[in-house]
**Student:** 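Input: one structure, supplied below.
None of the values given here were measured: they were computed from a predicted structure. Here, residue 1 is the first one in the sequence, and each next residue gets the next number. Quick note: numbers below take in every heavy atom, side chains included, and nothing from hydrogens, waters or symmetry partners.
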Amino acid sequence: MILKIFKQALLICATLQIGSLFFSQSAFGQTPVTTSEIGFGIGGANYKGELSPNYRFLNNQPAISLFYRRDISSPITARGGLMLSHRIIDDNTFSDEAYDLPLHNWRQAEARISFAELSLIGEYNFLDYYDLRQKPRVSPYFFAGVAGLIYNIKVSTENPDLEETLNKPFETNVAVSIPFGVGVKYALSKHWNLGLEFGARKLIMDRLDNVMEIDGKRVANPYDHDWYFYNGISLSYTIYRVNCPPPYKNKTGILD
């Protein structure tokens, strides 16, 4: 329920903010200074799907990220990133009685996943974060994009009746996902930035956990669609480049 409300709120924000770009005459005008950032982040990767049908914050396992960010206009930045994580998920992920599900207890499956995500993301900054006159410099932002995922997975079960169906060696697969989420940036100084971000990834193909109907045995719930998430903090360094005014670009000797 919470995830559904979160997605609806993000969709409304995205529609309003993207629509506002078409009514802003200066949205894509040249700015005096172009900025780019190089940074890294640490946080947690999470999973929601057949083995863990609901999102729980305590299920996060370590993840690291590297990224490059560049401003496109005053409100918009583009970001390319790499995220790495390894996690173990099983049918006993939920230990409380509220998640004592019959299918999970019968299946007793476990999956070990290592993955690398390469993403290209657009960010909309709600405030003019790169205006150095602002004190303090801080801005919430919304992001969305596309990502490619390569992952290595091994599924096993403790149920003797399902060993032939579910016990599998490590497999390497690829997938495509749609990342989106929210974050906030805070300037520690002119060059150093601190970030906080929460993002969801909707997989195009529903087979991240590799648990599905096999040989006529319904060992999976077809309504538990696979998602994965990343939330963490980041530190980045900003590089500034002063743009030459248009009247002087093609006139040699004036700025020599």
Side-chain angles (χ1 to χ4, degrees), residues 3 7 40-57 59-68 79-94 101 103-104 106-122 143-159 161-181 197-232:
L3 182 61
K7 290 189 290 184
F40 72 95
I42 57 173
N46 211 329
Y47 154 86
K48 172 186 173 297
E50 180 56 35
L51 300 183
S52 297
N54 291 291
Y55 176 89
R56 294 187 76 190
F57 182 79
N59 289 340
N60 279 283
Q61 295 195 15
I64 60 172
S65 64
L66 301 172
F67 63 89
Y68 172 78
R79 185 180 78 195
L82 174 68
M83 192 248 293
L84 305 171
S85 182
H86 172 76
R87 63 174 295 109
I88 301 173
I89 49 179
D90 58 55
D91 279 323
N92 295 318
T93 298
F94 305 106
L101 304 176
L103 178 58
H104 293 241
W106 170 72
R107 190 173 50 208
Q108 300 180 43
E110 176 185 87
R112 296 173 179 266
I113 305 177
S114 299
F115 67 84
E117 177 201 77
L118 189 63
S119 61
L120 181 61
I121 288 172
F143 70 88
V146 63
L149 184 72
I150 181 169
Y151 61 98
N152 198 2
I153 182 170
K154 182 180 187 300
V155 179
S156 60
T157 179
E158 296 180 2
N159 185 337
D161 295 332
L162 297 176
E163 288 182 351
E164 292 186 6
T165 302
L166 287 181
N167 281 358
K168 305 172 185 177
F170 275 101
E171 296 182 16
T172 300
N173 297 314
V174 295
V176 177
S177 67
I178 305 298
F180 62 92
E197 182 174 290
F198 175 82
R201 274 76 167 161
K202 170 59 178 173
L203 283 156
I204 301 301
M205 294 188 301
D206 184 32
R207 55 167 300 172
L208 177 64
D209 48 33
N210 217 17
V211 177
M212 61 197 77
E213 182 174 339
I214 303 175
D215 298 331
K217 294 184 178 180
R218 186 173 292 278
V219 296
N221 184 345
Y223 300 102
D224 285 334
H225 300 296
D226 292 342
W227 291 69
Y228 67 101
F229 307 82
Y230 173 78
N231 49 270

**Student:** Would a 4.5 Å heavy-atom cut-off, applied to side chains only, mark Met83 and Phe115 as touching?
**Tutor:** yes

**Student:** Roughly how far, to the nearest 0.5 Å, is NZ of Lys154 from CD1 of Ile113?
**Tutor:** 12.5 Å

**Student:** Contact between Phe67 and Ile121 at the side-chain level, heavy atoms closer than 4.5 Å - yes or no?
**Tutor:** no

**Student:** Do Asp226 and Tyr47 come within less than 4.5 Å of each other through their side chains, counting heavy atoms only?
**Tutor:** yes

**Student:** Identify, with sequence neighbours excluded, every residue that meets side chain to side chain contact (heavy atoms under 4.5 Å, CB included) alongside Ala147.
**Tutor:** Glu117, Ser119, Ser177, Pro179

**Student:** Angle between ring planes, Trp227 versus Phe180, binned at 30° and 60°: parallel, tilted or perpendicular?
**Tutor:** perpendicular

**Student:** Go through the structure and list residues passing side chain to side chain contact (heavy atoms under 4.5 Å, CB included) with Ile150, not counting sequence neighbours.
**Tutor:** Ala116, Thr172, Val174

**Student:** First locate atom NZ of Lys48, then atom NZ of Lys202, and finally report the distance between them rounded to the nearest 0.5 Å.
**Tutor:** 7.5 Å

**Student:** Kindly give the heavy-atom pair with the smallest separation between Ala45 and Ser85, and that separation in Å.
**Tutor:** CB-OG, 3.4 Å

**Student:** Going by side chain to side chain contact (heavy atoms under 4.5 Å, CB included), name the residues that satisfy it together with Ile42, two or more places apart in sequence or in a different chain.
**Tutor:** Ile64, Ile233

**Student:** Which heavy atom of Tyr230 sits nearest a heavy atom of Gly43, and at what distance?
**Tutor:** OH-N, 3.7 Å

**Student:** About how many Å separate OH of Tyr151 and CZ of Phe170, when rounded to the nearest 0.5 Å?
**Tutor:** 13.5 Å

**Student:** Report the distance from atom CZ of Arg201 to atom CD1 of Ile178, rounding to the nearest 0.5 Å.
**Tutor:** 11.0 Å

